[in-house]
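Chain identifiers are assigned alphabetically (A, B, ...) following the order of the sequence lines, protein sequences preceding nucleic acid strands; residue numbering begins at 1 within each chain.
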Amino acid sequence: MTDVLLDDLNPQQLKAVTAPDGQVLVLAGPGSGKTRVLTRRLAYLIERQGVSPYDIIAVTFTNKAAREMESRVTYMLQRELEGLWLGTFHAMCARLLRREANYLPYKSNFVIFDADDQVSLVKRALHDLNIDDKTHRPTGVHAAISNAKNELQLPDDMPRRTYRDEVVARVYKRYQELLVTNNAVDFDDLLLLAARLLEEHPGVAEKYARRFRHVLVDEFQDTNLAQYTLLKHLAGYHKNIFVVGDEDQSIYRWRGADYRNVQRFEQDYPGCTKILLEQNYRSTQNVLDAARQVIDQNRNRTPKHLFTTRGAGNKLVQFVGVDDIAEAAFVVDTVQQYLSSGKASANDFAVMYRTNAQSRIVEEAFIHAQIPYRLIGAQKFYGRREVKDMIAFLRLVENPADEVSLLRVVGVPPRGIGEKSILALQQSAFRAGISAGEVLLDLGRHGQDSPYWQEIGRSAALLADFGTLLNEWQSARDQVSLVSLFDRIISDTGYEPYINDQSDEGNDRWENIQELRRLAYDFQEKGLTEFLQNLALVSDQDTIPSATEQEGAARPQGAVTLLTLHAAKGLEFGQVFIIGLDEGLLPHSRSRDDPEEMAEERRLFYVGMTRAKNQLYLLRSERRSSFGTWEYSEPSRFLDDIDEYLIINQGKRSTSRRDTRLEDMRWSTTTVSPSRRTTYAAPAEKETKYKAGMRVRNASWGEGVVLESKVDPDGEETVDVHFESVGFKRLLASLAKLEIVS
DNA sequence: TCGCCAAGACTTTTT
DNA sequence: GTCTTGGCGA
């Protein structure tokens, strides 16, 4: 009798999945089956313990994790999970707050402000308080407010030890007032308001605590105080809380995450069951050993001994480029070698870096080599101006009080409404004690009969026109589908000709609008409110296809993934390149003076290393371009922690800038054929450069014997070599840099 | 009111 | 080097 739910679990996993009621702390090393344990636990509770999905809440940090968990459990149990609360912390809090909005100064259809909105609101607050935004930069003040919120502090709770504190507290207060008038909450508010709601209204807290017989939490090490408090309340009655995490993978300290919540958990629940998952199913032992040598330098953690049955595997490869271009060239050449030998497909590779700025040079190198790649993060889609415009229109329809959105689109496309008109509108709204949006709607409805028409004066007609549009959209919202509303807005505003000037960029912008429209299509039934919430709470992170999605026929050859170390958490790749292992970059210079920050940099490196299944490449370069000049750096201190016997040093290579420029010129010609890929190739002679029996040397694999060499019609020479170190390899002569020994 | 141009800032990570 | 912001002229 087989048991699909439990049979394939190792003893520790089994113990976790089938743990009795109470508090369970699962410390799961990288690749130890953390997600599997969590999903099986959920399935186990429902299927074997007879717990109704309605009585369970499961929280994650990303939408992707939530989706994956849901689909796996649904598949496993072959049933829908009616009533289950499963989603990100932010989404679960939004759901709670919308339900309990009568306890809050918000209407239940509040909108969620993203980072940009938040900063512009801080700007507004600074302006209102006559504070100079040069000495107190909006982003900095916002960060301080955000930190306070993560610590559950309201303006009056904040310490005021310096003048700066004083300013921040005042701005925070004003900022919060503005949010209320906009009927908007920010990311941090979702957590803060939910936590405080439960704290201040025991009746509400009890309602949810009684309902949720089981609380499940993913990535527990990344919780902040607000989240921890929230969980405590949610699990306050039944006290069945199952958390999974790994202190060593806590990389969101700057967002308020406190890995010590793991220790706090043990103190708060002395009777909790603690389970360590140490068997790794992902990497080779060499990768694990190296990663352990790095992470063992950190203190205040539960030591783990990760092991695998996969064997030692290859050693790590280290490479030092003379500059960042050589560094990128090494990555691309190496990938190229794998691809042409057919040993791997492009989606087996990932290039990871500390800062987004590092991606550009790697991107260029991949473009030149014509290897498809996929860039994760860096605000690719949702940060686009046209996308934000459209979202702002929709948000305005949903919530006319949203002045940030109103100001964004009132003059888009230009319709004769400028600074003066806006000021008149705002003053009029202020006098009437209502929002600017409401004044606009009234102007639209009543035209010259509106009480505001007179006092606004000259621009009233233009404002009224826009108000009319807004009114029409609002009624369309209730009558037609979301996508129809979307189309209405575009045609009413003449948005298409405005952004699409038929240039490449214009078409690109229009494409983005179409993409957003496709997303709206998925919310035809759920409606505008849900759509907007989803837009606010998804990130580009969530666009990373999961392993199962990747295997689909959609991408036959796949693409190399380029992503930050932060974005890499939870993913795995056959071959991983970590670039920029320089002091100042990894660890980042901003972390130099703070031991806690430094420890986090180390964890970040650890997270990156443990993404590798088969091969890990560690790269740095002696100098890299920054702003236009060269910056020189020392090797990262983290490299010193890895024993030499685990590393093969590939030495240096000097792909000079001149080479790349030459490449540029070739690629800019009009025709691009696949054979052009071989620009590095030796002169097109039919004769092979390498002959069977020759002894050759290669920087990575040392010496070997040529077995066979052939030139294809493109002039590309393929050499088969048997190396003493690694055995048979098929190489492109143009890329392999083989040196003839005899 | 709008669009263009120049100066300045920017690079840590993001739900 | 590139993107954003702000100032100025039409």
Side-chain angles (χ1 to χ4, degrees), chain A residues 59-66 87-94 112-116 118-120 123 133-134 137-139 142-143 146 149-150 185-192 218-219 222-224 226-227 250-257 324 352-361 364 376-380 382-383 385 410-423 458-459 462 498 533-542 563-569 580 584-592 594 597 600-601 603-605 607-608 624-631:
Chain A
V59 279
T60 62
F61 272 83
T62 66
N63 295 290
K64 187 173 151 263
T88 62
F89 269 100
H90 291 83
M92 294 300 97
C93 288
I112 299 164
F113 273 7
D114 68 20
D116 286 348
Q118 292 168 39
V119 171
S120 54
K123 245 184 228 167
D133 63 3
K134 288 281 187 309
R137 319 217 100 235
T139 44
H142 175 253
S146 178
K149 288 186 172 184
N150 289 330
V185 303
D186 66 17
F187 282 141
D188 306 315
D189 276 342
L190 289 169
L191 307 175
L192 170 101
D218 192 14
E219 305 279 13
D222 283 334
T223 51
N224 59 31
Q227 286 157 332
S250 169
I251 53 175
Y252 288 106
R253 198 179 107 88
W254 48 275
R255 220 167 61 195
D324 42 5
M352 302 178 185
Y353 35 82
R354 178 67 239 262
T355 70
N356 275 308
Q358 290 169 262
S359 72
R360 173 162 293 148
I361 288 172
E364 282 167 6
I376 305 296
Q379 286 273 301
K380 251 199 138 181
Y382 297 106
R385 188 185 58 129
V410 73
V412 174
R415 53 172 70 85
I417 300 173
E419 212 180 330
K420 283 270 165 58
S421 319
I422 290 166
L423 200 67
R458 221 156 14 120
S459 47
L462 290 168
Y498 168 65
Q533 165 158 331
N534 201 269
L535 290 177
L537 296 181
V538 297
S539 64
D540 293 300
Q541 286 294 293
D542 295 317
L563 74 181
T564 62
L565 289 164
H566 282 90
K569 192 164 72 163
L585 207 48
L586 184 63
H588 197 271
S589 53
R590 294 219 172 176
S591 312
R592 192 175 30 206
D594 182 345
E597 294 274 304
E600 178 139 321
E601 295 290 310
R603 292 194 290 269
L604 198 49
F605 182 40
V607 166
R624 52 186 78 240
S625 58
S626 82
F627 302 103
T629 60
W630 290 111
E631 217 150 75

The reported gap from CD1 in A:I417 to CG in A:L462 (rounded to nearest 0.5 angstrom) is 5.5 Å
I need the CG-C1' distance between A:D188 and B:dT15, as an integer number of Å. 9 Å
Below 3.5 Å, does any donor atom in the side chain of A:R253 face an acceptor in the base of B:dT13, or the other way round? no
Please tell me which of the listed nucleotides, B:dT14, B:dT1, C:dT5, lies nearest to the side chain of A:K123? C:dT5
Report which part of the nucleic acid A:L190 touches: base, sugar-phosphate, or nothing (heavy-atom distance under 4.0 Å, all strands). nothing
Nucleotide nearest A:T88 (side chain, heavy atoms from C-beta), chosen from B:dT12, B:dT14, B:dT15: B:dT15
Kindly compute the distance separating CG (A:L537) from CG (A:D114), expressed to the nearest 0.5 Å. 10.5 Å
Base, sugar-phosphate, or nothing: which does A:R137 touch, judged by heavy atoms less than 4.0 Å apart? sugar-phosphate
Base, sugar-phosphate alone, or nothing: which one does A:R415 contact when heavy atoms must sit under 4.0 Å apart? sugar-phosphate
Of the listed nucleotides (B:dT15, B:dT13, B:dT12), which one gets closest to any side-chain atom of A:T564? B:dT13
For nucleotides B:dT13 and C:dT4, find the distance between their P atoms and express it as a whole number of Å. 15 Å
With a 3.5 Å distance limit and no angle check, can you tell me whether A:Q227 reaches the backbone of A:L191 through a side-chain donor-acceptor pair? no
Which nucleotide in the list B:dT11, B:dT13, B:dT15 gets nearest to the side chain of A:R590? B:dT11
Using OP1 and OP2 only, check whether a side-chain N or O of A:S625 sits under 4.0 Å from C:dG1. no
Of B:dT11, B:dT14, B:dT15, the nucleotide closest to the side chain of A:H90 is B:dT15
The side chain of A:T355 lies closest to which of these nucleotides: B:dT15, B:dT1, B:dT12? B:dT12
N or O in side chain of A:N356 less than 4.0 angstrom from B:dT14 OP1/OP2: yes
A:W254 aromatic ring stacked with six-membered ring of B:dT13, 5.5 Å and 30°: yes
Please determine, for the side chain of A:R354, which listed nucleotide (B:dT14, C:dC3, B:dT12) has the closest atom? B:dT12
Name the nucleic acid region contacted by A:S591, choosing base, sugar-phosphate or nothing; use a 4.0 angstrom heavy-atom cut-off, strictly under. nothing
With a non-hydrogen cut-off below 4.0 angstrom, is A:F61 in contact with a base, only sugar-phosphate, or nothing? sugar-phosphate
Would you indicate which nucleotide in B:dC2, B:dT15, B:dT11 comes nearest to any side-chain atom of A:P414? B:dC2
Rounded to whole Å, please give me the gap between CD1 in A:I361 and C1' in C:dT2. 13 Å
Given the options A:T564, A:L563, A:D222, A:K569 meets side-chain contact (heavy atoms from CB on, under 4.5 Å) only with A:D222
If you go through the side-chain atoms of A:H588, does one of them form a donor-acceptor pair with the base of B:dT12 closer than 3.5 Å? no
